[in-house]
Q: 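Can you read through this structure? Questions will come right after.
Note that the structure is predicted; figures quoted are calculated from it, not measured. Each chain gets a letter, A, B and so on, in the order its sequence line appears, and its residues count up from 1. Computation of the quantities below employed the complete heavy-atom set of this structure, encompassing side-chain atoms and omitting hydrogens, waters and symmetry-equivalent molecules.
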Number of protein chains: 2
Amino acid sequence: MARRGQSGDGDTPSEILDVAERLVQRRGFNAFSYADVAAELHVTKAALHYHFAGKAELGEALLSRYAARFADALAAIDAEPATAPRKLAAYADLYGDVLRDGRMCLCGMLAAEYQTLSEPMRRILTRFFSDNEAWLERVLAKGREEGTLHFTGTSGEAAGLIVAALEGAMLVARPFGDVARFQAAAASLLAGLL
Amino acid sequence: MARRGQSGDGDTPSEILDVAERLVQRRGFNAFSYADVAAELHVTKAALHYHFAGKAELGEALLSRYAARFADALAAIDAEPATAPRKLAAYADLYGDVLRDGRMCLCGMLAAEYQTLSEPMRRILTRFFSDNEAWLERVLAKGREEGTLHFTGTSGEAAGLIVAALEGAMLVARPFGDVARFQAAAASLLAGLL
DNA sequence: GTCTATAACGAGATAGAC
DNA sequence: GTCTATCTCGTTATAGAC
């Protein structure tokens, strides 16, 4: 059974989210419209408003789904036995996969547009970064304890640097249309932790 | 003589650029309008169109001025004798100063919106990052040569990581309204190069 | 160099039929 | 659940007076 997109389900709300997500990740939340999504799905804007009352509600659904998917990916990394460096490499690959599809991280994109977002969207967004850093902090602490990772400062500080560096590496790589630029930065970052 | 803003000159085009720049750095290029700038300067939108034909032309002027100002700041760092680590710290401070004013780096913001920009804007933007990395590459190579900096990989790779990490640290710090978050990431980054 | 006025378009959203 | 039709507003941009 052919299944496209990342959401398994082929129901209308999911299809709307799939299209909107790609548009936001490529162009930004303030540069996509209901008309864009409607045209691509061959439905009318009114149909979209039936499923998502307004742009803010659509944005919240987008963020919630993205954060949940990311959390699942982190759980999947934790499910397999691996050294801390390998877990970090797997983490960086999550970002690389998004970039390879020509997209910015949804949350990195929305972070840039933060001041124009609704309160609910803001809360989910900051939560995303906090959760990511908390996961990284655990991996980093374990790695340092096991002797597989070496860094100065706290695990929390290193976690913050990793999130920042990966988001920034995606941000800068996209204008150059050059995934290798991201890979080089990620490799350089992780090499500094060995 | 009282002088506000960063542009020395108090002529109309400069004032327009000052206001537009702040709006773009806080809200994004696709979330500010001629009406916003006009209202703040107590002039009409038509007056703005006299100085900058369209939004794209205004954006080009914005980017050119920002890039020139940044280049001046790098020249100023080079003008004084300092160790490579001190130069890197001064470089990171350029970003910190922008963030302390509640702003994202203009070029980081526009990098997120890259796919919606005009060709001329795109060219100036990528040039900005290339120039920054070239400057960093020189500082890094010198520092390694002098033994004041230590890192694996090429100077170019390390330069790319620094730009990415600082841009990303700004991006992530803003949603938290927390400059300390940026400072911690910058410190952690530079500590890894000692 | 700045104004008033307005054109032309697209965005977000709603009412009500089917 | 999707449609047609419509509304209102904001945005970019221009013409022409002062």
Q: Any sub-3.5 Å donor-acceptor pair from A:Tyr114's side-chain atoms to B:Arg26's backbone N or O?
A: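 No.
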
Q: Between C1' on D:dG10 and CZ on B:Phe32, what's the gap in Å once rounded to a whole number?
A: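 The distance from CZ of B:Phe32 to C1' of D:dG10 comes to 14 Å, rounded to the nearest Å.
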
Q: Could you tell me whether the side chain of B:Asp36 and the main chain of B:Ser33 form a donor-acceptor pair under 3.5 Å?
A: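 Checked: pair present.
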
Q: Would you kindly give the CG-to-C1' distance between A:Leu58 and C:dA11, to the nearest whole Å?
A: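 It works out to 14 Å between those atoms.
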
Q: Between B:Leu41 (CG) and C:dG1 (P), how many Å, whole number?
A: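 It works out to 15 Å between those atoms.
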
Q: Near DNA chain D, counting only heavy atoms under 4.0 Å, which residues of residues 113-120 of chain B show up?
A: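 DNA chain D contact set from residues 113-120 of chain B: none.
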
Q: Counting heavy atoms from C-beta on, name the nucleotide in C:dG12, D:dT11, D:dC3 closest to the side chain of A:Val43.
A: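 Side chain of A:Val43 sits closest to D:dC3.
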
Q: Between A:Glu133 and B:Arg181, is there a side-chain N and carboxylate O pair less than 4.0 Å apart?
A: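 Yes.
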
Q: Separation of B:Lys55 atom NZ from D:dG10 atom P, in whole Å?
A: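 Distance check: B:Lys55 NZ to D:dG10 P gives 15 Å.
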
Q: For A:Glu80, look at atom CD and say whether over 12 heavy atoms of other residues, nucleotides or ligands are found less than 6.0 Å away.
A: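 Counting other residues, nucleotides and ligands, CD of A:Glu80 stays at 12 neighbours or fewer.
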
Q: Starting from P on C:dA7, measure out to OH on B:Tyr34 and report it in whole angstrom.
A: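 It works out to 22 Å between those atoms.
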
Q: State plainly whether the residues B:Lys87 and B:Asp78 are in salt-bridge range, i.e. N to O under 4.0 Å.
A: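 A salt bridge links B:Lys87 with B:Asp78.
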
Q: Has A:Lys55 got a side-chain atom pairing as donor or acceptor with A:Asn30's backbone, closer than 3.5 angstrom?
A: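 The answer is no, because no donor-acceptor pair under 3.5 Å joins these two groups.
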
Q: Are A:Asp93 and A:Arg86 close enough for a salt bridge, meaning some N to O gap below 4.0 Å?
A: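 Result for this pair is no, no salt bridge flagged.
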
Q: What I want to find out is whether A:Arg27 reaches B:Glu113 closely enough, with some N-O distance under 4.0 Å, to be called a salt bridge.
A: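 Not counted as a salt bridge, because no side-chain N and carboxylate O are separated by less than 4.0 Å.
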
Q: Under 4.0 Å between a side-chain nitrogen and a carboxylate oxygen: does that hold for A:Arg100 and A:Asp97?
A: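 Judged by the 4.0 Å cut-off on N to carboxylate O distance, A:Arg100 and A:Asp97 do form a salt bridge.
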
Q: So if I take residues 44-54 of chain B and measure heavy-atom distances to DNA chain C, which residues fall below 4.0 Å?
A: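 B:Thr44, B:Ala46, B:Ala47, B:Tyr50, B:His51, in order of number.
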
Q: Between atom CG in A:Asp36 and atom P in C:dA13, what is the gap in whole Å?
A: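 Rounding to the nearest Å, CG of A:Asp36 and P of C:dA13 are 14 Å apart.
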
Q: What is the distance, to the nearest angstrom, from the CG atom on B:Asn30 to the C1' atom on D:dG10?
A: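 Atom-to-atom, B:Asn30 to D:dG10, this comes out as 14 Å.
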
